[in-house]
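Chain A is the first sequence line, chain B the second, and so forth, proteins listed ahead of strands; every chain is numbered from 1.
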Amino acid sequence: MPAGSFALAQSTPPHDIVIANATVMTVTHGTVEHGSVWIHDGKIAGYGATVNAPADAVKIDASGKYLTPGIIDPHSHSALNNDVNEATSPVTPSMMMIDAFDNRDKALYQALAGGVTTELLLHGSANMIGGQAVVIKNKFGLSRDAMLFPNAPRSIKFASGENPKRVYGSRGQLPSTRMGNFEVMRQAFEDAKVYMAKWDDYNAKVAKGEKDAVKPAVDLKLEALADVLRGKLYVQIHCYRADEFLTEEAIAKEYGYKIRAFHHALEMYKVGDKIAPTGTAIATFADWWGYKDEAWDAIPWNAVMSMHQGIRVALKSDSNDYIRRLNQEAGKMVRYGGATEEEALRMITLNPAWIIGVDDHVGSIDTGKDADLVIWNMDPLSTYARAEKVYIDGDLFFDSSLSGFGTTHFSGVMHDASGNGNDDADGEGGN
Amino acid sequence: MNPSKPFVTAAIAFSLGLCPALSSAQSAPVVDMSAAAPTVAITGGKLLTITHGVIENGTIVLSGGKIAAVGTADSVKIPDGAQIVDAKGMTVYPGLIDSETNLGLSEIEADDASNDLVETSDEIFPNMHVYDAFHAETEHIPITRLNGITNAIVAPASDDSLPGQDIFIQLAGRDRDQMILGKDVALPMNFSGEQRRRGNGGVKFPSTRMGLASQLRQTFIDAQAYAAAKAEYQTKLAKWQKGDKKEPAPTEPKIDLKSEALLPYLRGEKPVVLAAYEGYEIEVDMQIAQEFHLKVILNHVTHSQEILDKIAAYKVPVIVGPIYDFPAANERYDSVFTLPAELSKRGVKIAFSSAGGSSGNPGGFERNLPYAAGYAVAYGLPYDEALKAITLNPAEMWGVADKLGSLDAGKLANVVIANGDPLDVRTDVKQVYIEGHAIPMVSRQTRLRDEYSK
């Protein structure tokens, strides 16, 4: 197909749209049969059996269709052109994933076609303390800047367990054990405390008007670690084993930061009652297991058991493949543990939104939230569900009924980073 | 009604009677297939027979490890003394068949000591036999069968052009002899970039597809020459034995295990499974197969959209997928999802497997086999064809359709009871029978679940 043949005029979306007659799964307020959602200037302006939209609103008839909030993936390595791990040191907190973000990667398009509207693009898991994430809205075809989620909180990726110890141990370096892993982390925070003290001292002198105060050197690495200790970064930790959740929480308490979420977290079902009071969420797989030692005790009931223990649970892809069908992964939760459809859907919408820190804006169909919406041909938790239309900020970005790619804003050539989007694309620091 | 209730009794009886060590969260229960299989009547369920449609409120009788009768409630007589399993509200279907797995060849992928996937010191290893490495006690098998998969091909990994010969298994038995139903049932022949020797240790022959193709041709030519030498020896020997034996007896050719392994395939007695992804790879691989008159099953073909009519014209069955293989950049998002429908539309007999594809990760979790079939339905494959692609079609392809693949009297009693559509991710499998034995619905994973639910 000739490149560019699908370039459509990037007209501004209408001020008012009503998607009518759909089964509206709000995630927060139950399901409305034959419901409508009114979009005004990119925000959800109302929903329910009827809406008070102006008469000239563009009406989309969604009879027989299902409408959900856009799917949110809290753990993706897409569109980083295989620059996922700066695996040259176990502590690299000043790496910024935005500096590797390629907004034309085909993985973004394929995820969009699966109904994914927001992604947290994370550093890999080779390092105990990796880099800082970028949050995107999947407005495929727009510029890099236009795809960034406005004002999203900063997140940083930590890892633990097999990957750091394998990557550095295989080179005869520290860490090569879990003991080494955690000690590397403690040392990093001790260094950060010294750095912070220097700056506090300097700032205090300046405040007192001391003219001869010597300004300390800015160190990007220590500055980023200091921001962890200052609570300015959401800490997202790759962590599999029950003992390691407990160790991570103890270290976080010792140094005074909060853990936003454990990622993978395949053994959370063993200690969910102990972790729940910390407020730390999990972003887990539906049913992956056994591919490595620390995934050996993985069970597909983990998500629902953890949920019942009081943990906020999200499902995530960590994969350019599964990101295309996270709705089915959520569907499995109905089977494994008996989640309600709303609970299952929350695991791929509102809960990942909370992990990323954007749940005030996305993740459910609520008045005032961004109009990130997906129209499905049937119940999205079914194997047979397909995303038919995907709206982001009230603008249509994907329509499967269109020929060609089905995109409305993309023209030109997609890029292909190859690989599967796991963070072990370079053979190091796998999931 | 509590849909799981009918099965509670059977499960408890099993755990008390045959499996006293269920409290440990270690290995899965052992099922001894040499024990007599009971007579069981499964009543009231929706039967997906595969060969003769759907029977609502049907009855199926299992006896002596086989299906004794299938039909509507009023047409099937329940034998005296049969154990009655109430499957009202349930769906009943034949055990599913996975057409490519590594079950028993790898326990923990990242743990090399647990892997016996493939020999890579040569590209040509038809004399490797999966049955020599098959670990019957793998935890993967009990976990997989709990989702209704009762039979599978086990193949070596695809790093070699000819990596060794497959086995066909059933997913229950107390040892490998009970589980392996067929040895050396097929020979994978892989032709993709993957087999090129361009590893970290440097480049060696064959480092290109030209090299791979040439090496395959030479291999089959050598095997033909070997066959000819053996035939010539037999002729000479017969002549010598009839003669006065004054001359010394003819010398028997030295046994060559590699060529020897290829002989049944050169005679077209068993299928060669040609694995390739791109259209041009399939054409090259098929050309070689036709030169040597091989009986072919195609595998993968995930990027063959431009030659689908040609594939149909080959008149060979196709294991299609993984359908989760990624479309190339600048292809439509569903170009691989729709492939099963496109092939089926052209009259190609298709099957599915859980094996991974060209891009690494996709695939790999055997228990999810039915969902690939379901996703193909979402993208246009007729439902009945999808179900056949994991039951009757593979049974035919692997030469076991007289025993497996449908709910028909006389076939092995591999039967699954679930609370809904087998292809839907939300459906829970309630009971699996393999050769008439009620499989305990217990695995290492259910035990961990139960231990930590206390």
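Side-chain atoms of B:Arg332 come within 3.5 Å of backbone atoms of A:Gly404 as a donor-acceptor pair (strictly under, hydrogens ignored). Not one N or O on the side chain of B:Asp428 forms a donor-acceptor pair closer than 3.5 Å with the backbone of A:Arg335. Distance alone, capped at 3.5 Å, is enough to place a donor-acceptor pair between the A:Lys106 side chain and the B:Pro327 backbone.
Open room surrounds OH on B:Tyr452; 12 or fewer heavy atoms of other groups in view lie less than 6.0 Å from it.
Minimum heavy-atom separation, B:Leu423 to A:Thr383: O-OG1, 2.8 Å. Here the closest heavy-atom approach between residue A:Ser382 and residue B:Arg426 is recorded as CB-NH2, 3.3 Å. Nearest heavy-atom pair across A:Ile299 and B:Gln445 is CG2-O, 3.6 Å. Of all heavy-atom pairs spanning A:Gly412 and B:Asn330, the tightest one is O-OD1, 4.1 Å.
No cation-pi contact links A:Arg325 to B:Tyr371, judged by a cut-off of 6.0 Å to the six-membered ring centre and 45° from its axis. The side-chain tip of B:Arg449 does not point at the ring of A:Tyr269 from less than 6.0 angstrom away and within 45° of straight on.
Of the atoms belonging to A:Ala298, it is backbone heavy atoms, and not side-chain ones, that fall under 4.5 Å from chain B. Using a 4.5 Å cut-off between heavy atoms, B:Ser453 touches chain A through backbone and side chain atoms alike. Both the backbone and the side chain of A:Asp287 come within less than 4.5 Å of a heavy atom of chain B. Of the two parts of B:Pro370, neither the backbone nor the side chain holds a non-hydrogen atom closer than 4.5 Å to a non-hydrogen atom of chain A. In this structure, chain A has no heavy atom under 4.5 Å from any part of B:Ala376. Only the side chain of A:Glu341 comes within less than 4.5 Å of a heavy atom of chain B; its backbone N, CA, C and O stay farther away. With a 4.5 Å cut-off on non-hydrogen atoms, B:Asp421 touches chain A through its side chain but not through its backbone.
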Table please: side-chain donor-acceptor pairs of residues 107-118 of chain B below 3.5 Å, with sequence neighbours left out.
residue, atom, partner, partner atom, Å
B:Glu107, OE1, B:Thr138, OG1, 2.7
B:Glu107, OE2, B:Thr138, OG1, 3.4
B:Glu107, OE2, B:Glu139, N, 2.9
B:Asp111, OD1, B:Ala113, N, 3.3
B:Ser114, OG, B:Ile108, N, 2.9
B:Ser114, OG, B:Ile108, O, 3.0
B:Ser114, OG, B:Asp111, O, 2.9
B:Asn115, OD1, B:Ser106, OG, 2.6
B:Asn115, ND2, B:Glu109, O, 3.0

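Inter-residue side-chain proximity for A:Trp289 and B:Arg444 is flagged as unmet; no heavy-atom pair is nearer than 4.5 Å. A 4.5 Å side-chain heavy-atom check between B:Tyr333 and A:Arg324 finds every atom pair outside the cut-off. Side-chain contact between A:Trp301 and B:Thr446 is present, with at least one heavy-atom pair separated by less than 4.5 Å. Looking at heavy atoms from C-beta onward, A:Gln328 lies out of side-chain contact with B:Asn368 at the 4.5 angstrom threshold.
Ring orientation note: the planes of B:Tyr383 and A:Tyr384 are nearly perpendicular, at an angle over 60° on the 30°/60° scale.
Across B:Thr427, B:Val377, B:Asp334, the residue that shares the most heavy-atom pairs under 4.5 angstrom with chain A is B:Thr427.
Test A:Asn420, A:Asn320, A:Asp321 against B:Tyr324 for side chain to side chain contact (heavy atoms under 4.5 Å, CB included) and you get one pass: A:Asp321.
Looking at residues two or more places apart in sequence or on another chain, you find no side-chain contact (heavy atoms from CB on, under 4.5 Å) involving A:Ser176.
The NZ atom of A:Lys332 lies 11.5 Å from the CG atom of B:Asp424; values are rounded to the nearest 0.5 Å.
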